[in-house]
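Written below as structure tokens is the structure these notes are about.
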Amino acid sequence: MAHQTVVSSSKLTFFFMFVFSLCFATANTLNRGSSLSVKNAHSDLLTSPDKSFTCGFYGVPGRNAYWFSIWFTNSKDQTVVWMANRDRPVGLESRVSLRRDGSMVLTNHVDVTTIIWETGTGSTGVDRAQLLNSGNLVLKDPNGTILWRSFDFPTDTLLPNQPFTKSSTLVSNLGRGNFGAGYFNFYFDNDNVLKLMYNGPDISSLYWPDLDYSVFQNGRNAYNSSRIAVLDELGSFSSSDELQFSAIDMGSRVKRRLTLDYDGNLRLYSLNSSTGLWVITWQAMAAPCKVHGICGRNGICVYTPAPRCSCPPGYEVADASNLNLGCKPKFKRTCSKSQEEKFVQIPQVNFYGFDLNFSVAISIDDCRQLCLGDCRCEAFSYRLNGEGWCYTKSALFNGYKSPDFVGSIYLRMPVSLSVHTSKPQYSNASIPCKTNGPAMYGTTGKRVRWVYLYSFAFAVGAVEFLFIVSGWWLLFRRHGSAVTPVEDGYRVISSQFRRFRFNELKSATKNFQEELGRGASGSVYKGVLEDERVVAVKKLADIHQGEDVFWAEVSTIGKINHMNLVRIWGFCSEDEHRLLVSEFVENGSLDKHLFTSNLLGWKERYKVALGIAKGLAYLHHECLEWVIHCDVKPENILLDSDFEPKIADFGLAKLTQRDRLISMFSQIRGTKGYMAPEWAMNLRITAKVDVYSYGVLILEIVKGIRLTSWLLEDIEEEQEAELTKFVREAKRKIQRGEELLIEDVADPRLEGQFSRNQAAKMVKIGIACVEEDRSKRPTMDSVVKSLLECEDESYIHSSH
Ligand SMILES: *[C@@H]1O[C@H](CO)[C@@H](O)[C@H](O)[C@H]1NC(C)=O
């Protein structure tokens, strides 16, 4: 466009601005020839007819920087949902004008007018700009036809009814309050599947959906190329790749947004209209350290328990003044034969990607030799999964530490370098979270050093997560401002998890009338809350912790949300009363369907086995804080109306104290029940105790009888022998290569109506899970994976 045109039309609009800004302040329409200016940022606003959205110049106080934006009028921090110039903030002299030719133009008028952004709608007949109730800024012609809309150019947020198409990408912000385009992308990939990708200056790396599974196993479909997705008013998202999820508070009249946050997580939020704060109602990544790219080259993401970045031994922070540029080696990498090299092992740490080579079934020495023989190899990863998986690595990215990663990374470095591996490995080099930082955009508005990305990502990701969802903030407030628990107690912590009054629960359960069950940790009663939700109220027995500890523990449980785990709605802690309020699950516990005349069909059995495995895998591998259940048994598995299993009583182990479980164990004299042998051996309890219990359970699901009977009143030696005998027999046959006749194993009541493949797989998994040596048991993640391999068997083979 010729330069002169720009200047002259800007003079014109200058005149019109005076006229129109008087008439149209806080209107929802901007007419042709008028403009909004930064100078009048407070009054030059467009507001949607229902007032929920505002469009205008969004500025950060104390900084001469403005963005032409749309934001939620009523959220506390006026959350921005769209920006025209995210990477190029403008100064006080700027304005956005709807020019006479129909184009909307953002100009930066200092000495020479420069166009910062424009809609490209010149000579299309655009007559006015309007902000709609949906949060969509549209340009219309005199007939009302929409010729341009902001919905087609999302930044980091998708609003209800905003179509997400093959040409849309959500790009995260760089940091909190730093609106520049960051490094995380949400988009339809070439295979038609919605993905999350880290797209940084050094590398690009996909991290969602889970790369260990196929498209199909992740519940997606790669064959529908229409590439369209939408979040509806009720909070339900659905996509042509069959990704589907819903807000936990599904329903109308809630303001929602789906945002790709600057910590790389995609989250669905609901606005709490009374506080103006956002509540997370769904998120893509349960484990924040599994987001790729967050800790830079050589960095490792660790939970402390909030996620943060750290450097491995032999490495140091790359840039001390900027803290978060990843880590650099303290040695020079050479590949000369004269330099002697060693490998430093860091257990439970993995780096994703950049594999030079992957070998199965080789010894660790061979793996080491493979790495030494390749100049490019910086480290190797060796997995102790019984097969010896060896990966040699040419670069170290996407590092994370997880107690459930059964393997180590071995870093290659010169022998002469002394490293301390015995001390807390990360503390010296760790990268602290920062809660605020220097101005985060350059004057040119270019991308800023990606440093800020993760300090902010972590500080705020963690803060949002812990404070909003878990309600820990209440705890802090209590300490900070001496508000009594009673005053605080009835505040809704999130839309889901709250504190209840004892009287409220007493009347909900009609004075604890209908007992649903009774277990070691207490009795459970059915109740109906005032909002007509049916709930299960558990009176916890023998809780001796102080209120604060109890509070912290239950809020940990309260933030756990998975379809195969019973949802905890809240708790009560008053005087000596300690109660938990959870969802009521219709069909009762698994034992009532497995060991009685209520015959459970095969399809349901398989679904139950898979669901329990998913729930446990979530507890072990995905939660912010790993949870070991410690009491997996059919009585603790509830079935909903679709026979989808839900695990109850998780997270109670910490509350009721391990000692009690151990003493329970000694009371059961010689019968192991569902409890792993290490309970008796005074070993540190790991997630593998749940794997053991799961093994017993899955075998019982196939056989339809109890293999252990310590729950029964009189303990018979024979009953105990059942499990041992069965496992010994089966193993012997498998070792000898004999067919394990699945017909003989499966529940005879099924009368042959079951899938041989699935049953055989389940028996195999069960046997592996009840290994005495816990290191030989699989992890729950791998159990889920192998069950999914035969998920789609048709299960009726009536004749052959
Ligand atoms: C593809 O996805 C769209 C949107 O979800 C849906 O309407 C359409 O029916 C799908 N097409 C096929 C062939 O399944």
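Read the numbers this way: they start at 1 and go in the same order the structure lists the ligands and their atoms. Quick note: residue numbers are just sequence positions, from 1.
- Atoms of ligand 1 lying under 4.0 Å from at least one heavy atom of Ile228, given by number and element, are 4 (C).
- Ranked by closest heavy atom to atom 12 (C) of ligand 1, the top entry among Val230, Asn224, Asp241 is Asn224.
- Between Phe68 and Trp82, the ring planes are perpendicular. Angles over 60° get that label, and only those under 30° would be called parallel.
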Can you check side-chain hydrogen bond (donor to acceptor under 3.5 Å, both in side chains) on Asn199 and Ser204, steps first, answer last? CA-CA 4 Å; Asn199 188 15; Ser204 295; 2.7 Å; yes

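- For ligand 1, the atoms lying closer than 4.0 Å to a non-hydrogen atom of Ser226 are 1 (C), 2 (O), 3 (C).
- Protein heavy atoms are found inside the 4.0 Å sphere centred on atom 8 (C) of ligand 1.
- Side chains of Thr145 and Asn143: a donor-acceptor N/O pair is absent below 3.5 angstrom, by distance only.
- With respect to atom 5 (O) of ligand 1, the closest heavy atom belonging to the protein is Ser240 CA, 3.6 Å.
- For the side chain to side chain contact (heavy atoms under 4.5 Å, CB included) with Leu131, the qualifying choice from Leu30, Thr47, Ile70 is Ile70, the only one to do so.
- Remark: the Thr779 side chain and the Asp781 side chain contain no N/O donor-acceptor pair separated by less than 3.5 Å.
- At a distance under 4.0 Å, a protein heavy atom can be found next to atom 2 (O) of ligand 1.
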